[in-house]
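First up is the structure itself, then whatever we jot down about it.
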Amino acid sequence: MYNSVENKPNLKNINNTNQKIRILLADDHKLIRVGLKSLFSKHEDMAVISEAENGKEAVEKIKTQHPDVAILDLVLGDITGIDVVRKISDENTDTKVIILTSHIKDSDVTESLKAGANAYVLKDINSEILVMIVRTISEGAIWIDPKAVNVLRNTPNPSVIPAKSTSRANFKAQHSNLTEREYEVLKLVVDGKSNLEIAKILNISEHTSKAHVCNIIQKLLVDDRTQAAVKAIKEGLV
C-alpha cells in the first residue's frame, strides 16, 4: 500500500451531508456491488451515487455524473478497469480511481498506475481499511496494497516506487527520532501484523509491542496505526 498525500484538495467535512464523498461502483458481479454499497452506507461521509456492471457503462457514468471516487473491478467483462482509467483520464476528470481486484499481476499493477489509477487494492482487504482508503484517495492519495508493493520492487521501472535502500535512508533522515526497534515494529505494522503477531515475531511481550506502536504513532504525528503505515510507505520506508 503505497501512499502519497501531497497537495490535498478540500477535505470532506463528515458532519456536513452536502460534503459526502460521492462514489461510483463498477463490478460485473451484482453481489460485490451490493456488499460495497452496504459497507459505505454505514458511513455518514459517503454516498454511492451510481453503479455500473461493465466498463463502458462506468466510463459514461463517470463522465456524466463526476463521482469523487470510482471503485473499479479489474475485469469488467467488456473492457478492463485499466481501460476505463485510460478513457476517463483523456477527459481530464477529477474522479479518483481505485482498482479493486482479487489477484496481483505485475503488469496489472504497473499499468493501473501508469494509466492514472490512484489505488490498487485486493478484494480480501479489511472493510474498514477500504473505507479509510476511499477517504484518503478522495483527498489526493495514492495507495498500493502491501502485497503489490513487492511486485513493484521487482519491476524494472524504478519511477513507480522508490528503491528500498534509498527509501529507507530518506525515511530515517526525516524521522531520526524513531529507534531501530521502532523501525522494525513499523515495518511489521505496514505488513499488516497485529500487536500480538509483532510480539511473537520480535520475541517481546504484547504489552511492549503495543507500547512501541503507540510511540510510533506519536512520533509520526498520525492518529492510528493505519495512518502510520500509510506515511511509512508514502515516504519510502518499505
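These numbers come from a predicted model, not from an experiment.
- Applying the side-chain hydrogen bond (donor to acceptor under 3.5 Å, both in side chains) criterion to T95, with sequence neighbours excluded, gives T93.
- By the side-chain hydrogen bond (donor to acceptor under 3.5 Å, both in side chains) test, S194 is found to be paired with E197, residues two or more places apart in sequence or in another chain being considered.
- V84 and I49 sit in two unconnected hydrophobic clusters of ILVMFWY residues. Membership requires side-chain heavy atoms under 4.5 Å apart, directly or through other members.
- A continuous path of hydrophobic side-chain contacts links V222 to I198 [ILVMFWY only; heavy atoms under 4.5 Å].
- Judged by distance alone, with hydrogens and angles left aside, the side-chain atoms of K56 form no donor-acceptor pair with the main-chain N or O of I79 at under 3.5 Å.
- The closest donor-acceptor contact from the side chain of E57 to the backbone of E53 lies under 3.5 Å.
- A donor-acceptor distance shorter than 3.5 angstrom exists from the side chain of D27 to the backbone of H29, with no hydrogens or angles considered.
- Using modelled atom types, one side-chain atom of N118 and one backbone atom of V97 make a donor-acceptor pair closer than 3.5 Å.
- Not a single donor-acceptor pair under 3.5 Å links the side chain of S38 to the backbone N or O of V34.
- The backbone N or O of I129 lies less than 3.5 Å from no partner atom in the side chain of T226, so there is not a single donor-acceptor pair.
- In this structure, L122 and T101 have side chains that are in contact, with non-hydrogen atoms separated by less than 4.5 Å.
- Partners of D124 under the side-chain hydrogen bond (donor to acceptor under 3.5 Å, both in side chains) rule, at least two apart in sequence or in another chain, are K147.
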